[in-house]
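Got a structure for you, written out below as structure tokens; questions coming shortly.
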Amino acid sequence: MPQRLPSTPPILPGLTYIRPLGSGGFADVFLYEQDMPRRDVAVKVLPADIRDPDLRRMFNVEADVLAHLSAHPAIVTVYQAGISADGRPYIVMEYCPGALAQRYRIERMPVEEVLAIGVRMSGALESAHRAGLIHRDIKPSNILTTTFGSPVLADFGISSSLLRAGRDQVLAMSIPWSAPEVVTEETSGTVASEVWGLGATVYSLLAGHSPFERRERGQNSRELLRRRITRASYTDIPRSDVPDSLQRVLATAMNRIPARRYPSALAFADALRDVQRELGLSPTPVDVPESGWAPSSREVDFDDSVLRGPVRSRLERTTARKSDRTAGLTGLARDEDEPIDGAAGAPRRLAPWLVGAGAAVAVAAAAVIATLLLTGGL
């Protein structure tokens, strides 16, 4: 199947297009410069020909989930969302110049760095789970790197609520990092399958390939990968600098039986931190919400496929005119002491210096009259 070409970048108010960043199965990502405040941002846009309500629903879900979670230091930040002039939904997000999509395949990533990434991603997932949300697509390409070099989790487009376990959902998966129960379509995603996905991701970053991938050409079709994953026999990573304790942690996270895995992303993080201590490393902090935390906004509606957000049908260019300066709010700018309900034709106030001068004359006249009265001049 030929790869879809990127759509035309939309004209967006306050944003200047720079270049494309990438294209996925149903959305394009472009680099823009925001005018105020000045910064680079990534804008995710649905193509103009997308009319599928399921895709619109997934797009809305991503915007809403990120709004709930993007304050987390290991989750990509969303700034705003809306609808472009040509009717396309878009999300404006933090621009992350780096990604792990191919890096682990072309270089040997240090164990220390991979452990830190695993702990930070565990904290991000634990926070999502406590908010009642699951990601459903944990893999290396969904871990981006900020301008400060920090890893952040992205692409919540197919995430769903833990409370919807029995309802029909769009089943989407990235086979090499999917848990056996997801591959066999027994579930669309659970906390246990998220632990598997994160374990498989950490494995990939260390091994240079996904856990059940073979080096031989023609041995990594979707069907062959499915079969290997459903049997789920853990193979040690062939690196001498990967300690046995870390191999055991990953084997537990990727156990074929969900009940035998770590019970939570936080438990997985704690196991990775134990390995860090064993290696003489400072344990990476786990960022999770406090017990009293709850999302500040309403719950995510996973059935919402309605186009939402401010629509800008055209970009207006306004210039302040001399006549506007006395028209209250019709001008682009006003003095701080001008009444906001001022209207054209309203009585003009006397200038402060003129009022002051009149008062001074009145005072002087009164003083002269008083003197004359006292001296008998009147």
Side-chain angles (χ1 to χ4, degrees), residues 3-48 50 58-104 106-107 109 113 116-117 120-121 123-124 127-128 135 137 139-157 159 205 287 308-317:
Q3 186 177 6
R4 180 181 60 82
L5 294 176
S7 59
T8 303
I11 297 175
L12 301 176
L15 299 172
T16 303
Y17 170 72
I18 299 178
R19 60 181 172 85
L21 291 176
S23 295
F26 70 95
D28 300 314
V29 184
F30 303 102
L31 179 64
Y32 282 75
E33 183 182 63
Q34 181 175 306
D35 296 336
M36 183 65 183
R38 187 83 68 189
R39 61 185 170 189
D40 287 343
V41 294
V43 179
K44 190 170 187 176
V45 189
L46 277 181
I50 292 294
M58 291 163 63
F59 202 80
N60 288 347
V61 164
E62 178 163 25
D64 292 341
V65 167
L66 284 176
H68 276 65
L69 302 174
S70 63
H72 193 283
I75 295 177
V76 68
T77 302
V78 62
Y79 297 134
Q80 67 180 78
I83 303 171
S84 65
D86 56 358
R88 286 185 283 169
Y90 67 90
I91 306 173
V92 182
M93 299 179 289
E94 171 186 15
Y95 170 54
C96 298
L100 301 182
Q102 294 298 323
R103 181 188 163 197
Y104 70 99
I106 60 179
E107 71 174 80
M109 294 186 64
E113 180 183 1
I117 291 172
R120 294 189 185 281
M121 293 303 102
S127 301
H135 187 281
D137 197 22
K139 58 184 178 181
S141 62
N142 282 338
I143 301 176
L144 308 179
T145 307
T146 69
T147 52
F148 293 96
S150 300
V152 290
L153 184 60
D155 202 350
F156 282 79
S159 59
L205 299 182
D287 295 303
R308 289 188 283 115
V311 182
R312 178 62 71 95
S313 58
R314 62 194 178 93
L315 300 179
E316 296 183 355
R317 190 177 182 126

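Just so it is clear, the values below take in all heavy atoms, side chains as well, and ignore hydrogens, waters and symmetry mates.
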Quiz prompt | Polar side-chain atom of D287 near backbone of P73 as donor-acceptor pair, under 3.5 Å | solution = no
Self-check item: Ionic contact status for K44 with D155, cut-off 4.0 Å
Solution: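 A salt bridge links D155 with K44.
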Practice problem: Mind checking the CG-OG1 spacing from L100 to T145? Nearest 0.5 Å is all I need. | Solution: 5.0 Å
Quiz prompt | Residues that R103 engages under salt bridge (Lys or Arg N to Asp or Glu O under 4.0 Å), provided they are two or more places apart | solution = E107, E113
Self-check item: Minimum-distance pair of heavy atoms, taken over all atoms of C96 and L144
Solution: CB-CB, 3.7 Å
Quiz item: How far apart are the closest heavy atoms of L46 and R88, and which atoms are they?
Solution: O-CD, 2.8 Å
Self-check item: Those residues that, when tested against Y17, pass ring pair (Phe, Tyr, Trp, His ring centres under 6.0 Å) (two or more places apart)
Solution: F30, Y32
Quiz prompt | Closest non-hydrogen atom pair between A124 and A74, with its separation | solution = CB-O, 3.8 Å
Practice problem: Measure the spacing between CD1 of I117 and OH of Y104 and express it to the nearest 0.5 Å. | Solution: 12.5 Å
Quiz prompt | Stepwise side chain to side chain contact (heavy atoms under 4.5 Å, CB included) check, L153 with L69 | solution = CA-CA 10 Å; L153 184 60; L69 302 174; over 6 Å; no
Quiz prompt | Point-to-point distance, once rounded to the nearest 0.5 Å, from CG of L15 to OH of Y79 | solution =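 It comes to 11.5 Å.
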Quiz prompt | Nearest heavy-atom neighbours spanning A154 and H135 | solution = O-NE2, 2.9 Å
Quiz item: Looking at V76 and V152, what are the two nearest heavy atoms and their distance?
Solution: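 Smallest interatomic distance, heavy atoms only, reads N-CB, 3.8 Å.
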Quiz item: Can you list the residues that meet the salt bridge (Lys or Arg N to Asp or Glu O under 4.0 Å) rule with R38, with sequence neighbours excluded?
Solution: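 R38 satisfies salt bridge (Lys or Arg N to Asp or Glu O under 4.0 Å) with E33, D35 once adjacent residues are dropped.
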Quiz item: Which heavy atom of D28 sits nearest a heavy atom of S7, and at what distance?
Solution: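 That would be OD2-OG, 2.5 Å.
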Self-check item: Minimum side-chain heavy-atom gap P9-V45 below 4.5 Å
Solution: no
Quiz item: What distance do I83 atom CD1 and L12 atom CG have between them, rounded to the nearest 0.5 Å?
Solution: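 Rounded to the nearest 0.5 Å, the CD1-CG separation comes to 12.0 Å.
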Practice problem: May I have the step-by-step check of side-chain hydrogen bond (donor to acceptor under 3.5 Å, both in side chains) for R120 and S150, ending in yes or no? | Solution: CA-CA 9 Å; R120 294 189 185 281; S150 300; 5.8 Å; no
Exercise. State the CG-CD1 distance between D40 and I18, to the nearest 0.5 angstrom.
Key: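 So the CG of D40 and the CD1 of I18 are separated by 4.5 Å.
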